[in-house]
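Read the structure below first, then the notes.
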Amino acid sequence: MIQVAFAILADHFIGDRCVGMHPVVMVGKLIEWFEGLLYSKTSQKMRGFVFTVLTLLATGAVVFIIERIVNTHVVLQWTMGIYLMYLIPSAKSLRDFTEAIIPSIDQNDLTIARQQIGMLVGRDTDMLTKEEIIRAAIETSSENTIDGLVAPVFYMALGSLWGHGLLFGYLYKAINTLDSMVGYKNERYLKFGYFSAKLDDLANLLPARLGSVMMLFLGKILGYDTYSGWRVFLRDRKNHKSPNSGHPESVTAGLLGIQLGGDSRYFGKMVSKPTIGDQKKDLEASDIRKSNSILYGVAYMLVLLLIIGGWA
């Protein structure tokens, strides 16, 4: 537990800096290799199932061996173990990437802002307005408060109970990376990526709900509109195609008095989506920082809970 807390703090102060190829990039390369091996126009669901299982087995086997080596000595546990855990959460990278868009928005340079947000989201960005860019950044921040922070920490902490914090953490990252690479509902991946997408939904089911409640409590501490946060959360948390993403998005929308969701264009096609929250004010670039303040508040709360849990 304490090691996981140190990993969060390291991510907070240092950011995602890896010596050599990043482990998550390696997982991505593995996914690409298995996809090239197994993808076909026929039997796509079955092939997608095998593809998902093989990716997780290969990732798990490698991490299990590394974990066994790390656990042979306390010095390795507190150096290499924390280092490998620190590469799993991505709160600082998320904050840095989303807030890097703010200067472009302030200068009304939407061409650059569209390119920057295009690196973070799956929707088409070439025609986004200023408010749509801000909305996309806030949605990315709120969704990834779960995917990039709460969920990986949850699984690392859970695995640590049995001495497998690294294994559980990297298996979650593999599931999340699978979804980000093949979990699209387009012609190529609708069937092939079905099991990867469903597994990601399942893995985030509990963290999304626990994390959203944490976000609501943080909203009170940060001075945001907690009443609206709870009201919008209870009303709009299911206004999303994902069974999980609507939970943190509805909290953020309620706390900040903004509206998220709505129609977006994907792969050249307009996708109709319900809105989340009430438009009490127009979206502003400063709302990105406010959303990230909730993200960082959750990180501090997790560190505190892990330290208490480690000493209990």
For this session: Report yes or no: do Leu161 and Leu171 belong to one cluster of Ile/Leu/Val/Met/Phe/Trp/Tyr joined by side chain heavy-atom distances under 4.5 Å?
Result: yes
One should read off an interatomic distance between His247 NE2 and Ser242 OG, to the nearest 0.5 angstrom, of 9.0 Å
Near Phe49 CZ, under 6.0 Å, is it more than 12 heavy atoms from other residues, nucleotides or ligands?
no
Just by distance, with hydrogens left out, do Glu35 and Tyr189 show a side-chain donor and acceptor under 3.5 Å apart?
yes
Of all heavy-atom pairs linking Ile105 and Ala113, the shortest is CG1-CB, 4.3 Å
All heavy atoms of Thr52 vs all of Ser196, minimum pair found to be OG1-OG, 2.8 Å
To the nearest 0.5 Å, atom CH2 of Trp230 lies from atom OG of Ser250 at 10.5 Å
CG (Asp287) and CG (Asn292) are apart, to the nearest 0.5 Å, by 11.0 Å
*Decide yes or no on side chain to side chain donor-acceptor pair (under 3.5 Å) for Gln116 and Ser104, but give the supporting numbers first.*
CA-CA 9 Å; Gln116 291 171 313; Ser104 301; 3.0 Å; yes
Might you confirm whether atom NZ of Lys130 has over 12 heavy atoms from other residues, nucleotides or ligands at distances under 6.0 Å? no
The single option from Leu295, Ile138, Leu120, Asn144 that satisfies side chain to side chain contact (heavy atoms under 4.5 Å, CB included) with Thr98 is Leu120
Residues joined to Val25 in its hydrophobic cluster, side chain to side chain under 4.5 Å directly or through other members, sorted by chain and number, are Met21, Met26
For Ala137 and Ile101, the nearest pair of non-hydrogen atoms, with its separation, is CB-CD1, 4.3 Å
Residues Leu255 and Tyr224: closest non-hydrogen pair is O-CB, 3.5 Å
>> I'd like to know if Asp278 pairs up with Arg235 as an ion pair, taking the criterion as any Lys NZ or Arg NE/NH1/NH2 lying under 4.0 Å from an Asp or Glu carboxylate oxygen.
In response: yes
Notebook entry, point to check: Mind checking whether Phe34 and Phe51 have ring centres under 6.0 Å apart?
Noted result: no
Going by chain and number, the hydrophobic cluster around Leu190 (ILVMFWY, side chain to side chain under 4.5 Å) further includes none
Is the Lys NZ or Arg CZ of Arg188 less than 6.0 Å from the centre of Tyr39's six-membered ring, within 45° of the axis?
yes
| message | What verdict does the ring pair (Phe, Tyr, Trp, His ring centres under 6.0 Å) test give for Tyr155 and Tyr172, after you've listed the backbone C-alpha separation in whole Å, the side-chain angles of each residue and the deciding distance to 0.1 Å? | response | CA-CA 7 Å; Tyr155 285 107; Tyr172 171 77; 5.5 Å; yes
OG1 of Thr177 to CG of Asp147, rounded to nearest 0.5 Å, is 10.5 Å
Residues Glu139 and Arg135 bridged, charged N to O under 4.0 Å: yes
Go through Ser228 and Lys280 one step at a time and tell me if the side chain to side chain donor-acceptor pair (under 3.5 Å) criterion holds.
CA-CA 11 Å; Ser228 291; Lys280 296 182 178 180; 2.8 Å; yes
Taking every heavy atom of Tyr194 against every heavy atom of Lys45, the minimum-distance pair comes out as CG-CE, 4.0 Å
For Ala285 and Ile102 the tightest heavy-atom approach is O-CD1, 3.7 Å
